Amino acid sequence: MFVPKSPDKTPSQISHLGTRGSQHYGSVPSFSQCSGSLQHCSSHRSVSPVNNSLEGESLECSESEPLLSNELRNGPRFSRSISAKDAGGSSGPTESVCSMMLQILVPFVLAGLGTVSAGVLLDFVQGWDVFQEITEIYILVPAVLGMKGNLEMTLASRLSTAVNAGKIESTREKWMLIGGNLALKQLQATVLGLLASLLATLLGWIADRQMPFSHMTILCSISLSTAFVASLLQGIIVVGVIIGSKRMGINPDNVATPLAASFGDLITLALLACFSWWFYSFMELYSYVLYLVDLLYLCLIPVWMVVASKHPASNILLHTGWEPIITAMFISSIGGLILDKAVSDPNLIGIIVFAPVINGVGGNLVSIQSSRISTHLHLNYSPGEVPEGPKSCFNPCYTFFGSGANNRSAQVLLLLVLPGQLVFLHIIYLMKGGLTLPSALFTVFFVSASFIQVFFLLSMADCIVRCLWRRGKDPDSYSIPYLTALGDLLGTALLSLAFFLLWYIGDP
């Protein structure tokens, strides 16, 4: 593909030529806009100036452009919104409904199997002494799972946007971006692990009016260790999925976030259970080990800060990316408190195995939608400018019955809930050794709770991503934490309500 140099070519024609020439998602052309000279950029990163009279103007890049390569940061940009409007559509990757469904289906099933395995594992370990004595660990479960999901999904979303925009073609730029983001992810995991343990301690004290110091210490060690190790392992998986998707010509927006989370819940819960049992086994005799473990993780914080500050993308998020993940952790912790009380209620026996499933499926589906909308805005609109849409922010009719590609993906994702949860529900019973199928009433209540959760989340995704973009915030870093945290809270609440109604009407 080449960049036309003829002065009579309009931006729409150039955009049209670029769209026809791109065969892979890593080669999608994009046009950028900053307060400098106007340039045309091809998918091969070649640049030809159009107006050199503006080259002396200053350049400013907003927070919503953290993924720009150094080349584009040092050079001015042309308006993506103009090229998108003139071309009559998105300059991003185009795909049919069938192709989108096939790309989403496989990672969705894998992610569902991962959440099912996590639920069965959590049901198994709840009988351990550490889970019986230190029940505040249940408050940690949604917070740690949500935190893990937020960090890996925002990483996957940011890298997916970079791949689709063709901004990591350079090998050096690619590995600098990956290294900076992984260091940032470890820093965020350490800080959030500490905050999650403190919040679990506070909520546990409020609920029970007591909290032994030994419980506080072990909660801190469990949370920090689980968050750190899980973040490191899954960060490497995310990078591998993104690079593999790019080489195979698959849209990473469709596969990266669910594949990254496919066995993330299982790995995180397995680590949480192992660290809980390990620390609990020598809590009385070798309590100093807990302090040494906590000190080690805290001493690594300056190292991650230095590495993350080396790349402009992670350096921006190092200063501005804390608000959504900390807020999301607080929201998820409230869901954890609900789960803690539900597990302690003898009338709601069995709820623990279904909590990771309903929360994981909802979070995976809404993360796909959020990533797709964010990529569309990055490719076609300038920060602060959004496409024409409904007058009201929360509009489910527009989300599910609009004519755009993201409206079609919302329909596909919502339709996956019913067959997906039916399959996962039966797999849970098979893995638990059940010889009978779940009752029809329980199936209806469980699937309905999941359907309501996903319907609300997909509607909110459209609203939140647009609002963030309008305010100059990067949706890749801000939207997913809010949406997955809302999914954890709403899913746990709806699941508890479903179990309560089933108990009330006498369903076995």
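Bear in mind that the values here come from a model prediction, so they are computed numbers and not experimental data.
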### Task
Pick out which of Leu224, Ile222, Val229 makes a side chain to side chain contact (heavy atoms under 4.5 Å, CB included) with Thr226.
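Result: among Leu224, Ile222, Val229, Ile222 is the only option passing the side chain to side chain contact (heavy atoms under 4.5 Å, CB included) with Thr226.
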### Query
Only one of Leu494, Leu425, Leu502 forms a side chain to side chain contact (heavy atoms under 4.5 Å, CB included) with Phe446, so which one is it?
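With Phe446 as partner, Leu494, Leu425, Leu502 yield a single side chain to side chain contact (heavy atoms under 4.5 Å, CB included), made by Leu425.
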### Query
side chain to side chain contact (heavy atoms under 4.5 Å, CB included) between Ile352 and Tyr138: does it pass, once the steps are laid out?
CA-CA 9 Å; Ile352 190 70; Tyr138 290 113; 4.0 Å; yes
### Query
According to the interplanar angle, ranging from 0 to 90°, do the rings of Tyr478 and Tyr482 count as parallel (below 30°), tilted (30 to 60°) or perpendicular (above 60°)?
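The rings of Tyr478 and Tyr482 sit tilted, inter-plane angle from 30° to 60°.
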### Task
Take the angle between the ring planes of His378 and Trp469 and call it parallel below 30°, perpendicular above 60°, tilted in between.
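Correct class here is perpendicular.
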### Query
Does the ring center of Phe131 lie less than 6.0 Å from the ring center of Phe124?
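No, the ring centres sit 6.0 Å or more apart.
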### Task
Would you confirm whether the ring centroid of Phe354 sits within less than 6.0 angstrom of the ring centroid of Phe442?
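For Phe442 and Phe354, the ring centres are under 6.0 Å apart.
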Closest non-hydrogen atom pair between [X] and [Y], with its separation:
X      : Y      : value
Ser223 : Val144 : OG-CG2, 4.3 Å
Leu339 : Ala355 : CD1-CB, 4.0 Å
Gln234 : Lys185 : C-NZ, 4.3 Å
Ser496 : Ile338 : OG-CG2, 3.7 Å
Pro475 : Val465 : CB-CG1, 3.7 Å
Val307 : Gly179 : CG1-O, 4.1 Å

Calculate, to the nearest 0.5 Å, the distance between atoms [atom1] and [atom2] belonging to [X] and [Y] respectively.
X      : Y      : atom1 : atom2 : result
Leu121 : Leu272 : CG    : CG    : 9.5 Å
Ile334 : Asp488 : CD1   : CG    : 11.5 Å
Leu195 : Met329 : CG    : CE    : 4.5 Å
Phe445 : Leu501 : CZ    : CG    : 5.5 Å
Ile325 : Ile480 : CD1   : CD1   : 12.5 Å
Phe400 : Asp462 : CZ    : CG    : 9.0 Å

[X] side chain near [Y] side chain, heavy-atom distance below 4.5 Å:
X      : Y      : result
Phe451 : Leu418 : no
Val454 : Leu413 : no
Pro481 : Thr327 : no
Ile428 : Asp123 : no
Leu416 : Met101 : yes
Leu192 : Leu151 : yes
Leu203 : Ser333 : yes
Gln186 : Leu232 : yes

### Worked check of side chain to side chain contact (heavy atoms under 4.5 Å, CB included) between Ser314 and Leu318
CA-CA 6 Å; Ser314 53; Leu318 185 63; over 6 Å; no
### Task
Go through the steps to decide whether Ile178 and Ile243 satisfy the test side chain to side chain contact (heavy atoms under 4.5 Å, CB included), and finish with yes or no.
CA-CA 11 Å; Ile178 290 173; Ile243 295 177; 4.2 Å; yes
Please confirm whether the backbone N or O of [Y] pairs with a side-chain atom of [X], one donor and one acceptor, at under 3.5 Å?
X      : Y      : value
Asn407 : Thr399 : yes
Gln421 : Ile358 : no
Thr115 : Gly112 : yes

#### Entry: Member of Ser371, Ser370, Ser374, Ser367 meeting the side-chain hydrogen bond (donor to acceptor under 3.5 Å, both in side chains) criterion with Ser479
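Exactly one option meets the side-chain hydrogen bond (donor to acceptor under 3.5 Å, both in side chains) with Ser479, and it is Ser370.
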### Verdict with reasoning, Trp322 to Leu187, per side chain to side chain contact (heavy atoms under 4.5 Å, CB included)
CA-CA 11 Å; Trp322 295 96; Leu187 172 64; 3.8 Å; yes
### Query
Any side-chain donor paired with an acceptor under 3.5 Å for Gln188 and Ser231?
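Side chains of Gln188 and Ser231: no pair found under 3.5 Å.
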### Message
Looking only at the side chains, is there a donor atom on one of Ser409 and Gln369 sitting less than 3.5 Å from an acceptor on the other?
### Response
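Yes.
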